[in-house]
Amino acid sequence: MDVEAIRKEFPILHQQVNGRDLVYFDNAATSQKPLVVINALMDYYTGYNANIHRGIHTLAEKATKAYEDTRHTARAFINARSEQEIIFTRGVTESLNLVASSYGRAFLKAGDEIVISGLEHHSNIVPWQIVCEATGATLRVIPILENGELDMEAYKKLLSPRTKVVSVNHASNSLGTINPVKEIIALAHAAGAVAVIDGAQTGAHVAIDVQDLDCDFYCLSSHKMYGPTGTGLLYGKRELLEKMPPYQAGGEMIKDVTFPKTTYNDLPYKFEAGTPNIADVVAYKYAMDFILGLGRENIAAHEHALLTYATERVSALKGVRLIGTAAQKVGVVSFGVEGIHHFDIGQMLDSRGIAVRTGHHCTQPLMDCFKIEGTVRASFAVYNTKKEIDQLVEGLERIINFMK
Ligand SMILES: *Cc1c(COP(=O)(O)O)cnc(C)c1O
């Protein structure tokens, strides 16, 4: 893996922040964009911006083809059976809301149970709470172990004929834990539940095969996988999507409208109401191609080396407590330092040009579980280097010595 060559593809990385070379370790919040993605946006707006699907003129046809090309790439990227199973959304939050709102409201009733985990992002908690309020279903939570792994024995005990939905993340944004989703899905199915996977933290880091996983739904965000903000996708098994009611109404989701009755379009358009985010969907393809071009095994190996190195060096620092030490992790190192607020550490690192995230990372219940308010989180992408980790460690050493 030629990281220096990869870094050249990311113009934003080559700048100084507060007088130092930028070290960008906030990839779990959003990743930077390579030139191919930036150029795809530029080409779209300068060359063939037009509304899609309905037009018969050349630009509209070109835009439609580019939009559908992304669906084509996305199908292969996650190995879905058909392009009809790929729905473009605004990202993981909207994908989860779509499932919760459409599937949840149509098929859940009082007494049913929805199982999530203690590791979930607020986006995979709150939509289900809303469904529970609307239907009378109950939310159950898989507890986590000391090291940030899910308590699988407790999960098995939670499952019952009442369980109708199991929704968990593939990897945790706060701790990096990679969950045993294949086993979680199989157990959910054995109990008669559908399985929803939040893949926000795996899209750029782990190979995804929805047929092998046998998940019912899988969610991705473009902006966390080198693509533009404002788009992402929902994969759903066709037979489920067929029987689900529309999520939003208007535009492309309609086949025929009369005042007495409206019929809905076929999949996937039934779930893509209104003019979609055409430009960003078009550019999303280039982000997926970028990942495929590097090879997900190569990316995972590079990031795993960074994770191992950072874990070793950061945990050796005085007063540091690592939060999340699961055996299987993506490149996320979350920690606290005794006697220093995470927010202060974040600010002092920023003054050295190092971008990390501090706080609860949209996982407040998880923080409660560790009895902390938040952590400092460094999260890695394919363009990060060991030298940058050395800069982080040097910064932390100075902060720790200065504050004591
Ligand atoms: C970022 C993230 C989300 C929300 O994704 P959006 O792109 O903000 O919609 C959900 N779950 C996890 C695990 C995340 O990391």
Side-chain angles (χ1 to χ4, degrees), residues 3 7 10 12-33 119 121 148 171-177 200-201 204-205 221 223-226 302-326 329-364 366-367 370 372-403:
V3 177
R7 290 179 69 82
F10 291 83
I12 202 170
L13 297 176
H14 309 284
Q15 65 174 301
Q16 298 230 311
V17 170
N18 296 320
R20 311 259 187 142
D21 288 342
L22 167 66
V23 173
Y24 186 77
F25 280 161
D26 196 16
N27 295 287
T30 199
S31 60
Q32 300 303 347
K33 322 302 175 199
L119 281 175
H121 188 282
S172 155
N173 62 307
S174 287
L175 309 185
T177 312
Q201 294 299 331
H205 311 288
S221 275
H223 75 96
K224 288 182 179 173
M225 43 195 290
Y226 309 114
H302 172 69
E303 291 173 356
H304 194 260
L306 294 176
L307 172 69
T308 306
Y309 184 64
T311 303
E312 209 176 276
R313 293 221 55 198
V314 171
S315 63
L317 294 169
K318 203 163 39 180
V320 164
R321 175 191 177 203
L322 283 189
I323 311 287
T325 50
K329 282 178 65 171
V330 290
V332 171
V333 178
S334 239
F335 59 94
V337 183
E338 206 188 322
I340 315 179
H341 198 274
H342 48 85
F343 183 73
D344 293 331
I345 295 173
Q347 276 198 328
M348 286 187 273
L349 287 174
D350 178 60
S351 72
R352 305 176 65 86
I354 302 168
V356 295
R357 185 142 296 233
T358 64
H360 57 59
H361 320 297
C362 296
T363 56
Q364 270 184 313
L366 176 60
M367 298 294 119
F370 283 98
I372 52 177
E373 249 179 72
T375 71
V376 181
R377 181 186 72 185
S379 52
F380 310 126
V382 68
Y383 40 67
N384 289 126
T385 64
K386 280 193 176 174
K387 187 174 143 237
E388 291 180 308
I389 291 168
D390 291 336
Q391 283 165 268
L392 170 71
V393 170
E394 193 197 318
L396 287 170
E397 271 168 350
R398 298 242 175 164
I399 293 163
I400 292 166
N401 287 332
F402 173 76
M403 297 292 282

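- In this structure a side-chain-to-backbone donor-acceptor pair under 3.5 Å is missing from T177 to A171.
- Considering all non-hydrogen atoms of both residues, E373 and M367 come closest at O-CG, 3.9 Å.
- In this structure, OH in Y24 is found 4.5 Å from CD in Q32, a value given to the nearest 0.5 Å.
- Side-chain atoms of H205 and E303 form a donor-acceptor pair, as typed in the model, at a separation below 3.5 Å.
- Counted by atom type alone, S334 and T375 present one or more donor-acceptor pairs between their side chains at under 3.5 Å.
- Atom CD of residue E388 and atom CZ of residue F380 lie 9.5 Å apart, to the nearest 0.5 angstrom.
- Using a 4.5 Å cut-off on side-chain heavy atoms (C-beta onward), F402 and E397 make no contact.
- At least one side-chain heavy atom of I399 sits under 4.5 Å from a side-chain heavy atom of I340.
- In terms of heavy-atom proximity, A310 sits nearest to V333 at CB-CG2, 4.0 Å.
- Side chain of Q347 to backbone of D344: no donor-acceptor contact under 3.5 angstrom is found.
- The NZ atom of K33 sits 7.0 Å away from atom NE2 of H223, with the distance rounded to the nearest 0.5 Å.
- Taking NE2 from H302 and CG from L307, the interatomic distance works out to 11.5 Å, rounded to the nearest 0.5 Å.
- Residue L366 forms a side chain to side chain contact (heavy atoms under 4.5 Å, CB included) with just one option from L175, I323, N173, and that option is L175.
- The shortest heavy-atom contact between A28 and R377 is CB-CZ, 3.5 Å.
- Ion pairing between a basic and an acidic side chain is recognised when a charged N comes within 4.0 Å of a carboxylate O; E338 and K318 show no such pairing.
- Screening T385, N384, I389 against K387 for a side chain to side chain contact (heavy atoms under 4.5 Å, CB included) leaves a single residue, T385.
- With 3.5 Å as the limit, one finds no donor-acceptor pair spanning the side chains of H121 and T363.
- Taking every heavy atom of both residues into account, S315 and V320 meet most closely at CA-CG1, 4.3 Å.
- Of the residues listed (D21, V23, D26, N18), the one engaging I354 in a side chain to side chain contact (heavy atoms under 4.5 Å, CB included) is V23, and it is the only one.
- Although no hydrogens or angles enter the test, the distance criterion places a donor-acceptor pair under 3.5 Å between the side chain of H14 and the main chain of R7.
- Between the side chain of H361 and the backbone N or O of G359 there is at least one donor-acceptor pair closer than 3.5 Å.
- In terms of modelled atom types and a separation under 3.5 Å, the side chain of H342 and the main chain of T358 share no donor-acceptor contact.
- Judged by distance alone, the side chains of N27 and Y226 never bring a donor and an acceptor atom under 3.5 Å apart.
- Heavy-atom neighbours of R352 CZ from other residues, nucleotides or ligands within 6.0 Å: above the threshold of 12.
- Judged purely by atom type and a 3.5 angstrom limit, S172 uses its side chain to pair as donor or acceptor with the backbone of S174.
- Nearest heavy atoms, T30 versus K224: CA-CG, 4.4 Å.
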